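Below is one structure; the comments refer to it alone.
Predicted, not measured: the structure shown is a model, and the values here were computed from it.
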Amino acid sequence: MAEATPLYQTYNRAPLRFERGEGVWLVTESGERYLDFAAGVAVTSVGHGHPHVVGALKDQADKVWHLSNLYEVPGQETLGKRLTEITFADRVFFTNSGAEALECAIKTARRYHFAKGHPEKFHIITMEGAFHGRTIATIAAGGQEKYLEGFGPKAPGFDQVPFGDLDAVKAAITEATAAILVEPVQGEGGIRPIPVEMLRAIRALCDEHDLLLILDEVQCGVGRTGKLFAHEWAGITPDIMAVAKGIGGGFPLGACLATEEAAYGMKAGTHGSTYGGNPLGMAVGNAVLDVVLAEGFLENVRDTALVFRQGLASLKDRFPDVIEDVRGEGLMLGIKAKVANTELLMAMRDEHLLGVPAGDNVIRLLPPLTVTAEEARDGLARIEHAAEHIRAKAAVAASA
C-alpha cells in the first residue's frame, strides 16, 4: 500500500524523483540520467545548474533575501531598466509567477480605461484553447471548462472567440471592450502559433478601437521561439505583456511590462506584492538576461531549433502511424500524436527523455535554450526508439 501523502491530490505526478540537474540532464536519486526536454514546462531556460546564474543566487543569498516593496530594491531598478531598454515597455511590475503577471496585466488594462473616464470598458477578448493561469480571473480568461468547473461563477468580463478567427474577434468588440489578450503561441493549447498576419491585424484592431493589446508571453517569451519575444516575428509591439517562466531560469519570477500610456492608471496603492521583485529573484533574473542577451545566443537557439525541427519532420514522414504533425517555432515545438499523446510520452520516458503533454493530443518539446545540436539529435534518437516501440507493440496487438 502506498504511503499516505500530506500533499493536495491535484497533480498526476510521474513516479520520478530527481536529485540534481546538469545542463539539459536530470539525475534521479538512483543515478539514472534523463534528457530534460520539458525544462520544468519551459522554465529552466539556461539549463540546470548554470554557473553564472547559480553564482548570482549564491552571492545575493549572502547579502539579503527579502525586503518587501516598502523599500527600494536596487536589483529591480537594474532589471527593470534592462527590460525596458530591450522591449517596447516603459514600466515593469515584478511578480512571482505567470498567473500574477497576467493578473497585473488584466488590472492594468481595466484601470487604464477607468482612469480615462470609461469604467464600463472592462471586457477582455480571449481565444479558445488559451491558458493564462490558475487564479479565478485567469481561469476565466482561459475559459477552459475543466479548469472552471467547481469554482463558482466564472469571473465576468472575458469574451472568448474561436482560435484563429479574426472575424469573430471583430464581432466580439463592443463599447465595453477594454483589451484583446492572446498568446502569440499557445502552449497548453497544443503549440498553436497565431499567424503573423493575424497578430498584425489584431494590433490594427486595437489601434482602431482604442483597445489595449495584451500579450501572454509567459511560455513563448525570453528566447523560446528564437527571438527574445515571440511577437517580434510579426514586427508588432503590445501595450502590455506578461512574462515569467524562462525569465527566472527556475527561480519563481514574473513581470508585467507596459507602455507609459497603458500604465497610466496604475498609481500608488492600486496594486502590490509582498514577494514580487525580491532581491534573490532580481539577482537571478539579471543573471539569466546576461546569458540570453549574450552575442550569438539567440542565433544558436535558431540554429539548434532548425536541426531539431528537420529531424522531427523526418520522424513524421517515417512514423505516420505515430506522429501526425509537427508544429511550433524555435525551441517551442510540439508533436501532435497519432496515438494517445500519453502513450507516446510514456514511451519517450522509457527512453529517458522528458516532454510535456498539452491539449489537442500534443506533446511539447521545450528543452533548455542552451541545448546543443548534438543533444537535440540525441533527443531525436530517443523519440525514434519510442516510436519504434509503439509500432512494434501495435503490430503484436494486431496479430494477436
Compute both the distance and the angle, then confirm whether Arg13 meets the cation-pi test with Tyr8: under 6.0 Å from the six-membered ring centre, within 45 degrees of the axis.
-> no
Donor on one side chain, acceptor on other, Glu100 and Tyr275, under 3.5 Å = no
Could you verify whether a donor N or O on one side chain and an acceptor N or O on the other, from Asn69 and Gln76, lie under 3.5 Å apart?
-> yes
When clusters are formed from ILVMFWY side-chain contacts under 4.5 Å, directly or step by step, what else is grouped with Leu16?
-> Phe18, Leu26, Tyr34, Leu354
Asp290 and His52: side-chain donor and acceptor closer than 3.5 Å?
-> yes
Could you please spell out the steps behind the salt bridge (charged side-chain N to carboxylate O under 4.0 Å, His left out) verdict for Glu22 and Arg33?
-> CA-CA 10 Å; Glu22 304 164 355; Arg33 292 169 63 85; 2.9 Å; yes
Hydrophobic clusters join Ile, Leu, Val, Met, Phe, Trp and Tyr when side-chain heavy atoms are under 4.5 Å apart, directly or via other members; which others share one with Met332?
-> Val41, Val185, Ile191, Val356, Val362, Leu366
Please round to the nearest 0.5 Å and tell me the distance separating atom CD of Glu183 and atom CG of Asp216.
-> 4.5 Å
Among Val161, Leu199, Val169, find the one that has a side chain to side chain contact (heavy atoms under 4.5 Å, CB included) with Val182.
-> Leu199
Could you tell me whether the side chain of Ser399 and the main chain of Val396 form a donor-acceptor pair under 3.5 Å?
-> yes
Apply side-chain contact (heavy atoms from CB on, under 4.5 Å) to the pair Leu205 and Leu166, showing each step before the final yes or no.
-> CA-CA 10 Å; Leu205 281 174; Leu166 186 61; 3.9 Å; yes
At what distance, to the nearest 0.5 angstrom, does CD1 of Ile139 lie from NE2 of His132?
-> 12.5 Å
From the list Arg391, Lys316, Lys338, salt bridge (Lys or Arg N to Asp or Glu O under 4.0 Å) partner of Asp321 resolves to Arg391
Going through the distances and angles, do Asp207 and Arg203 end up as a salt bridge (charged side-chain N to carboxylate O under 4.0 Å, His left out)?
-> CA-CA 6 Å; Asp207 294 338; Arg203 173 71 272 180; 2.8 Å; yes
